[in-house]
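Before any comments, here is the structure.
Everything numeric here is computed off the predicted structure, so don't read it as measured data. Below, each value reflects all heavy atoms present in this structure, side chains not excepted, and no hydrogens, waters or symmetry copies.
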Amino acid sequence: MTTIKSAEVIVTSPGRNFVTLQITTEDGTTGLGDATLNGRELAVAVYLADHVIPLLKGRDAMNIEDTWQYLYRGAYWRRGPVTMAAIAAVDMALWDIKAKVAELPLYQLLGGQSRTGALAYGHASGRDTEELFDSIREHQEMGYKAIRVQTGIPGFDNVYGVAASAGGDGERYDHEPARRGSGGRALPVEESWDTRAYLRHVPTVFEAVRSEFGAELPLLHDGHHRMTPREAAQLGRSLEPYDLFWLEDCTPGEDQAALRYVRDHTTTPLAIGEVFNSVHDYQTLITERLIDYVRSAVTHTGGITHLKKLADFASIYGVKTGFHGPTDVSPVGQAAHLHLDLALHNFGIQEYMQHSEATLQVFQTSLRFEDGLLHPGERIGLGVTLDRDAAREHAYDPAYLPVNRLTDGTVHDW
Ligand code: EZ4
Ligand code: CO
């Protein structure tokens, strides 16, 4: 028996906030798990510290499935982003420990390598075509072989996915990360939106991108849950000539049935799921083959144990993976994705936004990005170590995700 001796929550903010669980066994093996829930970080930290850690001490670290079920079913209150991020962190840390005990990189315990590396996509964006083209070229120079394209809408200053700044140390945000209220406390940035203007503009952008960059480059686009099924169907149809790799999150995530209408009206591939936290959120989508890619993040979907079940369920229906890899998933969560990406037969693509230098000093990762492909490296376990001294230098800094309003002020999906 490899007994759990202790577990600890580490909150650090090297430019953005991360919550990490470190589990230590009686024989001194440590495992890391990512518990970062962007904009609501401390809720998970408290859930872990007050409700989960007291249950871990004395358990056998090797019994990962049993611990997962114990935390999930034992709580009675199932699912939800806070609970599932907490369970995810425990699960990742236990897989990290198991792979270290086995002295293998984690992907070896998940079935070994199905490919040499995971195709990654990066985020290009621009307020106008010129800026967008520069950003696409910059991403190609960084090695990306697949690119997500987000663009400003004429007449709107602040639109989702259009990087506010390149970020001095290399990290890009999909939004302006902070607005300060009285006393310096962070408040949500407000963005503005008009769906008709967006639906008119986006096809012209993809037409321009295809004529500049050619037919081959895989292009993706994120609708960020902003359309009705009819609007999403219109967008999907109008993008068909530009052969997208996928259209992501076209309708709000809660409504699985909404995708039926979209699916019936367009052949543009569909992806959804970054805000989902359970395989049950996909039950209709997968069994009715309404989507092509599942977008969950390991951190928000109960960890490696649950994400593997989701991927296997999806595989039976010909649905592939496209795990959520923004910079608010820590290098620990991203490493877990890469081990799965390497092992799963139905891997599709991996989102890869690069962490800042400051983040990579706190989290030292064996991740490699070569020729457009990601690899988790050959270190045993997840392949990430946490520099506790570096972590301590970055105190928690409250931050919110933006909110989005229509031109008349109505709150809209962000
Ligand atoms: O809005 O990670 O596909 N990526 C995205 C991200 C998400 C943020 C939320 O925390 O949609 O930009
Ligand atoms: Co997204």
Side-chain angles (χ1 to χ4, degrees), residues 1-8 10 20-35 48 52-53 55-72 86-118 297-299 301-312 315 321 323 325 329-347 350 363-368 373-388:
M1 176 152 153
T2 309
T3 307
I4 297 174
K5 183 176 165 212
S6 60
E8 197 181 340
I10 299 121
T20 310
L21 181 72
Q22 179 170 295
I23 298 180
T24 306
T25 64
E26 292 286 0
D27 59 14
T29 308
T30 59
L32 295 175
D34 179 23
L48 279 167
V52 175
I53 287 177
L55 304 175
L56 295 178
K57 198 171 160 7
R59 296 185 69 83
D60 187 344
M62 292 295 106
N63 294 342
I64 301 176
E65 180 72 30
D66 182 67
T67 296
W68 198 97
Q69 300 296 344
Y70 183 85
L71 294 175
Y72 181 77
I87 296 176
V90 174
D91 186 80
M92 266 179 255
L94 295 183
W95 277 108
D96 193 17
I97 288 169
K98 189 185 280 290
K100 284 180 182 171
V101 169
E103 296 184 34
L104 291 168
L106 176 63
Y107 69 82
Q108 294 292 6
L109 302 186
L110 301 173
Q113 266 186 239
S114 290
R115 56 194 54 77
T116 53
V298 66
T299 309
T301 315
I304 293 160
T305 297
H306 202 62
L307 203 55
K308 171 89 165 81
K309 283 182 189 174
L310 168 62
D312 290 345
S315 77
T321 68
F323 298 141
V329 167
S330 87
V332 176
Q334 187 70 332
H337 288 150
L338 298 188
H339 287 281
L340 282 162
D341 292 342
L342 218 53
L344 294 169
H345 178 250
N346 61 325
F347 165 76
Q350 176 61 57
F363 297 94
Q364 289 150 8
T365 173
S366 56
L367 172 153
R368 296 197 306 263
L373 303 183
L374 285 163
H375 195 288
E378 296 301 337
R379 265 193 229 158
I380 62 170
L382 282 167
V384 183
T385 51
L386 178 65
D387 182 333
R388 300 290 299 266

Hey, does the side chain of [X] reach the backbone of [Y] with a donor-acceptor pair shorter than 3.5 angstrom?
{"X": "H306", "Y": "A88", "value": "no"}
{"X": "N346", "Y": "A311", "value": "yes"}
{"X": "W68", "Y": "G302", "value": "yes"}
{"X": "D34", "Y": "T299", "value": "no"}
{"X": "H339", "Y": "P105", "value": "no"}
{"X": "K308", "Y": "L340", "value": "no"}
{"X": "R115", "Y": "H345", "value": "yes"}
{"X": "T365", "Y": "V384", "value": "no"}
{"X": "K98", "Y": "M62", "value": "yes"}
{"X": "D96", "Y": "G381", "value": "no"}

**From CA spacing to verdict: side-chain contact (heavy atoms from CB on, under 4.5 Å), L56, I23** = CA-CA 9 Å; L56 295 178; I23 298 180; 4.1 Å; yes
Can you measure from [atom1] ([X]) to [atom2] ([Y]) and round to the nearest 0.5 angstrom?
{"X": "T25", "Y": "L94", "atom1": "OG1", "atom2": "CG", "answer": "10.5 Å"}
{"X": "T305", "Y": "L310", "atom1": "OG1", "atom2": "CG", "answer": "12.5 Å"}
{"X": "S114", "Y": "F347", "atom1": "OG", "atom2": "CZ", "answer": "10.5 Å"}
{"X": "T20", "Y": "E8", "atom1": "OG1", "atom2": "CD", "answer": "10.5 Å"}
{"X": "K100", "Y": "T30", "atom1": "NZ", "atom2": "OG1", "answer": "3.5 Å"}

**Request:** May I have the step-by-step check of side-chain contact (heavy atoms from CB on, under 4.5 Å) for L344 and F323, ending in yes or no?
**Result:** CA-CA 12 Å; L344 294 169; F323 298 141; 3.9 Å; yes
Check whether any side-chain heavy atom of [X] sits under 4.5 Å from a side-chain heavy atom of [Y], and report yes or no.
{"X": "I87", "Y": "V52", "answer": "no"}
{"X": "Q22", "Y": "L32", "answer": "yes"}
{"X": "L109", "Y": "W95", "answer": "yes"}

Identify the two heavy atoms, one from [X] and one from [Y], that lie closest to each other, and give their separation to 0.1 Å.
{"X": "A61", "Y": "I97", "value": "CB-CG2, 4.3 Å"}
{"X": "T67", "Y": "D60", "value": "OG1-O, 4.5 Å"}
{"X": "D91", "Y": "G303", "value": "OD2-C, 3.5 Å"}
{"X": "M1", "Y": "R59", "value": "CE-C, 4.2 Å"}
{"X": "Y107", "Y": "Q113", "value": "OH-OE1, 3.3 Å"}
{"X": "Q334", "Y": "L367", "value": "CG-CD1, 4.2 Å"}

**Prompt:** Run the side-chain contact (heavy atoms from CB on, under 4.5 Å) check on H337 and V329 step by step: do they pass?
**Reply:** CA-CA 10 Å; H337 288 150; V329 167; 4.1 Å; yes
**side-chain contact (heavy atoms from CB on, under 4.5 Å) between L106 and I304, worked out** = CA-CA 10 Å; L106 176 63; I304 293 160; 3.6 Å; yes
**Item:** Over 12 foreign heavy atoms within 6.0 Å of CD, E103
**Value:**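 Check fails, neighbour count at 12 or below.
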**Request:** Test Q350 against every option in L342, T321, L373, L338 by the side-chain contact (heavy atoms from CB on, under 4.5 Å) rule and name the one that passes.
**Result:**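 Per the side-chain contact (heavy atoms from CB on, under 4.5 Å) rule, the option paired with Q350 is L338, out of L342, T321, L373, L338.
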